[in-house]
Amino acid sequence: MTDWLTDTRASYDTVAAAYADAVRGSLTGDPYVRAALSLFATLAGGDGPVADAGCGPGHVTAHLRGLGVDAFGLDLSPAMIDVARRDHPGVRFEVGSMTRLPLEDASLSGLLAWWSLVHTPDEALPQILSGFHRVLRPGAPLAVGFHAGEGARLKTEGYGGHPMHVYVYRRTPAAMTARLQEAGFTVEAELCLDPSTPSPSAVLFARS
Ligand SMILES: C[S@@+](CC[C@H](N)C(=O)[O-])C[C@H]1O[C@@H](n2cnc3c(N)ncnc32)[C@H](O)[C@@H]1O
C-alpha cells in the first residue's frame, strides 16, 4: 500500500468513532446536500446496486437506502466499516480501496464518491476514476463531492484532537471535470456549496 493510503487508513481508523459522532444527523440540517443526494438517487433510478465509495460511517449510504437506492458502502478504514455496520445494521458495508475496487466490470447502477477523494493525490486520481468508469454500467451516474479551490494542506489532527496524517486537497470544479472527462465521463451538472465562505465545496454529476 502506498504511503497516502496507509496514512489515510490509519488516520480514519483513529478518528472513526469521533467522526461518526460529528456527522450523525448532519444531513438533517443541510438541505442542499440532501437535494444533491435526492438528485443522485433519481439518476441512479433504483435499478441495481450503487456504491458509496469511501462511505465513512455509512450515514450517507443509509440515507440513499431510505431514498430507495440499493446502496452499499465501501471504505479503506476497517474501523469506519465497524462503526457503519454498528450504526446501520442491515446495510452492506465492506472494507476495500477505491484504488482496487473489488467489483465486476459494468456491475453498478451508480457510484457516489462523497468527499472521499479529498485525500487522494493528483497522480492517483486517473487510476481511481478509470476504476469508477470500469465498474459502472454505460450511462450510469457518478456523483463526486469535494472541497473546492486549489492547493493542499497537511491535517495532523481532527474530530476532537485525535492525531491524523492526511493531506486535504482542494480542486476546482473545472480541474475535476477535466479529470472525469479524461476517464471517460461526461459531466452534466455542477453544484457549488458555500461559495462565499473560506471553505467552499462542489458536487459534480457525471455519466459513464
Ligand atoms: C472525509 S471522509 C468522508 C466520509 C463520507 N463519505 C462522508 O461523506 O462523511 C473520507 C473517507 O474516505 C475514505 N477513503 C479515503 N481514501 C479511500 C480509498 N482509497 N478507498 C476507500 N476509502 C477511502 C476514508 O477512509 C474516509 O472514511
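In each ligand, atom 1 is the first atom listed, and ligand 1 is the first ligand listed.
- Protein residues having at least one heavy atom under 4.0 Å from any atom of ligand 1 are W4, L5, T8, Y12, Y19, G54, C55, G56, H59, D75, L76, S77, M80, G96, S97, M98, W114, W115, S116, listed by chain and number.
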Let me have the donor-acceptor pairs involving side chains of residues 179-192, under 3.5 Å, with sequence neighbours excluded, atom names and distances please.
unit_1, atom_1, unit_2, atom_2, d
R179, NH1, D122, O, 3.3
E188, OE1, R207, NE, 3.1
E188, OE2, R207, NE, 3.2

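- In this structure, a donor-acceptor pair under 3.5 Å is absent between the side chains of S201 and R170.
- Of the possible polar contacts, one joining the R34 side chain to the L27 backbone as a donor-acceptor pair under 3.5 Å is found.
- Checked by atom type and distance alone, the side chain of R85 never pairs as donor or acceptor with a backbone atom of G90 at under 3.5 Å.
- Between T120 and Y169 there is no side-chain heavy-atom pair separated by less than 4.5 Å.
- In this structure, a donor-acceptor pair under 3.5 Å is present between the side chains of T99 and S97.
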